[in-house]
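Structure record follows, encoded as structure tokens.
Below, chains carry the letters A, B, ... as their sequence lines are ordered, and counting in each starts from 1.
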Amino acid sequence: MINRAFSFCLTLALLFISVLANAQQQNTEKGAVNEFFRSNDKIYVIVGVLVIIFLGIVLFLINLDRKIGKLEERDRNGL
Amino acid sequence: MARHWWKALAILLLIYVIIAGFTVKIPIIGTNGQSSRGLFFHVPMWICMYTMYTISIIYSLLYLSKYDLKKDVIASSAAGVGTFFGVLGFATGTLWATYTWGGTLTDDPKQMCTAIAILIYMAYLVLRMSVHDLDKRARISAVFNIFAFALLIPLTYIIPRMVDSLHPGSATTPGFASKDTDGSMKTVLYPAFIGWTLLSVWIFSLVVRFRKLQLKNIFK
């Protein structure tokens with residue numbers, strides 16, 4: 001499970017490298033999603049940023065919860 | 001999985017709060033501008049802090065009645081998490097004050113009294129670290145905790161209400177009454193209270209479980 005989460009994060013990181021390569025270029029792509037993120041002075045970009053940060057913290061907490069749970073189980077089994 | 005439903009509820013509520021907190025239509029009043037949205041993130045920090053400190057005082061009293069070290073673990077963990085949220089609340093408040101009150105650390109009574117209250121709880125945490133004997137540490141810090149809570153309420157609730165302050169909820173700006181908050185803001189504010197409180201309880205439960213594992217040889 002942890003390996004899968006790690007590979008997911010790695011894939012995500014690698015994806016962002018390709019984004020960085022195009023960093024000099026202004027994103028002018030059309031489409032409903034792009035238009036939405038550019039509306040209202042681009043405030044929704046920061047909403048997205050906060051959602052990503054929050055989800056990162058939540059993933060960390062879930063992981064910690066699991067780890068402590070495993071330790072408790074090992075403790076109950078008398079190891 | 002069934003007993004983790006409240007954690008899932010916390011996550012869902014907070015995702016809603018983050019998205020709706022920025023997109024809900026709010027009244028633009030005075031120098032606040034869009035910064036009124038801070039209400040959805042700044043105030044819940046204090047709700048979390050009060051929840052944690054209340055848990056802490058209850059378990060300190062329980063410790064003093066039975067001298068059970070497990071109660072002390074719960075009381076100290078709650079005080080630690082409460083102080084964490086208090087510092088977050090203070091930091092967000094000072095940032096907010098910088099752009100609406102015209103100063104980061106002003107002589108505002110609410111801000112000063114809150115700083116003192118948080119420092120008292122930091123003293124509690126330092127006091128615990130300075131006593132190595134577990135039973136002595138638990139007894140001394142439980143008594144200190146009662147005094148800390150007895151100061152927390154006047155410092156953060158009573159004094160700021162009696163004197164003038166720029167912060168809502170003072171003598172001249174009552175605020176926080178149900179009729180003073182716009183209806184659209186309430187639809188985000190109340191889920192924010194529940195969501196953030198559940199998140200703080202989650203963090204607190206993790207700390208307690210970790211500390212109990214750490215001290216399992218003593219509890220057996």
Notebook entry, point to check: Which bit of A:Ile43 comes within less than 4.5 Å of chain B, counting heavy atoms only: side chain, backbone, both or neither?
Noted result: side chain
Next item on the list: Check A:Ile68 against B:Leu206 and note the closest heavy-atom contact, atom names and distance.
Entry: CD1-O, 3.6 Å
Note to self: I need the A:Leu71 CG to B:Lys216 NZ distance, nearest 0.5 Å.
What the structure shows: 7.5 Å
Check: If you round to the nearest 0.5 Å, how far is CD1 of B:Ile11 from CG of A:Leu61?
Finding: 8.0 Å
Next item on the list: Quick one: pull up CD1 in B:Ile18 and CD1 in A:Ile52 and give me the separation to the nearest 0.5 Å.
Entry: 11.0 Å
Next item on the list: Rounded to the nearest 0.5 Å, what's the gap from CG on B:Leu14 to CZ on A:Phe54? Could you check?
Entry: 4.0 Å
Item checked: Segment of B:Lys212 engaging chain A (4.5 angstrom heavy-atom cut-off) -> neither
Notebook entry, point to check: Closest approach of A:Asp65 and B:Trp202, non-hydrogen atoms and distance?
Noted result: OD2-NE1, 2.8 Å
Item checked: Within 6.0 Å of OH in B:Tyr59, more than 12 heavy atoms from elsewhere -> no
Next item on the list: Can you tell which part of A:Leu55 gets under 4.5 Å to a heavy atom of chain B, answering side chain, backbone, both or neither?
Entry: side chain
Check: Would one find more than 12 heavy atoms of other residues, nucleotides or ligands at under 6.0 Å from atom CZ of B:Phe210?
Finding: no
Notebook entry, point to check: Rounded to the nearest 0.5 Å, how far does OH of A:Tyr44 lie from CD1 of B:Ile19?
Noted result: 11.0 Å
